[in-house]
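Data first, discussion second: the structure below is written as structure tokens.
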Amino acid sequence: MIDLFRDLFFRRPMAKVRTRIAPSPTGDPHVGTAYIALFNRCFARQHEGEFILRIEDTDQTRSTARSEQDILKALRWLGLDWHEGPDIGGPHGPYRQSQRSDIYRQHIDVLLENGQAFCCFCSAERLDALRATQTENRQTPGYDGHCLALSEQDIQKKLAEKVPYVVRMRVPSEGECVFQDRLRGEIRIAWEQIDMQVLMKSDHLPTYHFANVVDDHLMEITHVIRGEEWINSTPKHILLYQHFGWQPPQFCHMPLLRNPDKSKLSKRKNPTSISYYKDMGYLPEALINYLGMMGWTMPDGSEKFSIDEMQAAFDIDRVSLGGPVFDVEKLDWLNGKYIRENLDAEAFAQVFAQWAFDSAKISKIVPLLKDRVERLSDVVPLAGFFLSGLLPISDADFVHKQLSPAQCKTILQLTVWQLEQLPEWTRESVEQLCQTLSQFMGIKIRETLFPLFIAITGKAVSTSVIDAIYILGLDISRARIRHAVEVLGGVSKKDVKELEKTLRDLQKFLLPAQD
RNA sequence: GUCCCCUUCGUCUAGAGGCCUAGGACACCGGGUUUUCAUCCCGGCAACGGGGGUUCGAAACCCCCAGGGGACGCCA
């Protein structure tokens, strides 16, 4: 409260509160992104400020337009809309970093001229070797300042020869960076802990650290509310603000969402994609409410609240710092409560129909079952699994003439791993994957598919399981296969090790086929 | 390995030095309602990581330890 008072009346008397969410479009829309967006949005709107969305797509190799679309769609589905963004524009655009290259180049030139940044011509090989030596000697890995010794002539010569280079920032060698975290108070980090961060990559695109600071300043962001994982790089950011002579924003690091084992929430251990929760039939109101109770509570203790109610009562200083475990059981209870209390019969019918009979999905399913049914009443028993979550299966379902339960488990685990690595989600790629797995295992495709039929459709006989995986998508397929592995007794750490070895063999097996 | 952050029931949390015999919710266990089940209602189980201080008084403030997590990329 005191901090707030000081900031509002002394440090930045007129500044309108502006916060942002800055997702990187490199994968599925993550619940962690929605979580941080929710708190940023509540904070901004409560102060009659603005919440903006910026796309951080400076990693050209991993960013995709598809992922950007999915993220925007998922955030909107949850009711997290923004005042400015790549889709709606605004006075501080463009809001996609890949379209702001000129801005970054101008700013990097300033640092280069002032000697606050320098060109580094070191090869990836040299840096790898350096890191390896440092790790071996139990030193903190980091750049050794090699190119700092280059003379102006050396630099000009290398530039003329078009030797690839990056731009790194200079960092003080002594002293410490002291900054305030809104939730934690003073944090001190010694400058010797801070690496000479690359600011501009050899593809001339900025790194996160650089683009983020430049954009946050130009977009007039007053409060940076982000995940705890960024605490250690905050000194780099503060140093950049200082170099440019800019007023840094107020930093506020939120606790990280956790898996049940307390590690940072990850899709290997827990479904993290917002689309998964949508496909499983969670209501957006329930999911966003649930995220709002991670590290935060309403002052009156109520647990069911809308995003507007949260915003009205919001107080960021009441965020608790222990990393909250994402507990699906409590989410289930909340979602049920929303269905029971917020939907009357008519609304329920409408919501259900909208969820179940998505026309794109239906048009893919219909061809699979139309020729297999004799009565319309056969449809639900045959294809009900398309509208289900996890299936009620048991280890008895996996009994098979040729395959042992252990083999079933191996097939299932290898299939998930392979599905996760699929560069493109098409029916053909799923089929190809099953074919090669069957060749690799030296068994017929029919047998390879058996455990997948049980895991995905719940029965040994059903519509094409390959099409089913393709239509259900990675999130649901992964959840069902994982559930099946659990039903078969799960995998021990020892099993995982062996399976990973088998996976490597499988990948070796795949290589010649791809030539 | 180095640095940083965190620590209340199994889980989400309340707690601003005396309202704490530590409250609520999920889960779990009992009971009631219900033709079954679910819902709903009632009850129960269950926590301040450890050790030192400060104080008349500590879950709360300070220190140490332990445990957990995170960061150390031309990823974000």
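Letters A, B, ... mirror the listed sequences (proteins, then strands); counts begin at 1. Side-chain atoms are counted along with the backbone in the values below, which use heavy atoms only and exclude waters and symmetry mates.
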Would you say a side-chain N or O of [X] is under 4.0 Å from OP1 or OP2 of [N]?
X: A/Thr297; N: B/rA14; result: yes
X: A/Lys201; N: B/rC75; result: yes
X: A/Thr26; N: B/rC75; result: no
X: A/Lys236; N: B/rC72; result: no

Taking any heavy-atom pair under 4.0 Å as a contact, classify [X]: base, sugar-phosphate, or nothing.
X: A/Val166; answer: base
X: A/Cys122; answer: base
X: A/Ser320; answer: sugar-phosphate
X: A/Leu205; answer: nothing

Which nucleotide, [options], lies nearest any side-chain atom of [X]?
X: A/Gln193; options: B/rU13, B/rC12, B/rC3; result: B/rC3
X: A/Asp195; options: B/rC12, B/rC75, B/rG73; result: B/rG73
X: A/Arg340; options: B/rU39, B/rA27, B/rA71; result: B/rU39
X: A/Val325; options: B/rA71, B/rC74, B/rU11; result: B/rU11
X: A/Glu229; options: B/rC12, B/rA14, B/rA76; result: B/rA76

Between B/rC72 and A/Thr140, counting only base atoms on the nucleotide and side-chain atoms on the residue, is there a donor-acceptor pair under 3.5 Å? no
Under 3.5 Å donor-acceptor pair, A/Lys330 side-chain atoms to B/rA27 base atoms: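 No, the side chain and the base share no sub-3.5 Å donor-acceptor pair.
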Salt-bridge present (A/Lys330, A/Glu303; N to O < 4.0 Å):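 Result for this pair is yes, salt bridge flagged.
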For the aromatic rings, using the six-membered ring if either is Trp, is the centroid distance between A/His107 and A/Phe244 under 6.0 Å? yes
Please verify the inter-ring angle class for A/His209 with A/His237; under 30° counts as parallel, over 60° as perpendicular, anything in between as tilted. tilted
Atom pairs under 3.5 Å, N or O on each side, protein against nucleotides 4-8 of chain B: can you list them with distances?
from: B/rC4; atom 1: O4'; to: A/Asn232; atom 2: OD1; distance (Å): 3.4
from: B/rC5; atom 1: O2'; to: A/Arg184; atom 2: NH1; distance (Å): 2.5
from: B/rC5; atom 1: O2'; to: A/Glu228; atom 2: OE2; distance (Å): 2.7

Counting heavy atoms not belonging to A/Glu186, are there more than 12 under 6.0 Å from its CD? yes
Tell me the partner of B/rA59, counting only Watson-Crick (N1-N3 plus N6-O4 or O6-N4) or G-U wobble (N1-O2 and O6-N3) with both under 3.5 Å; none if nothing fits. none
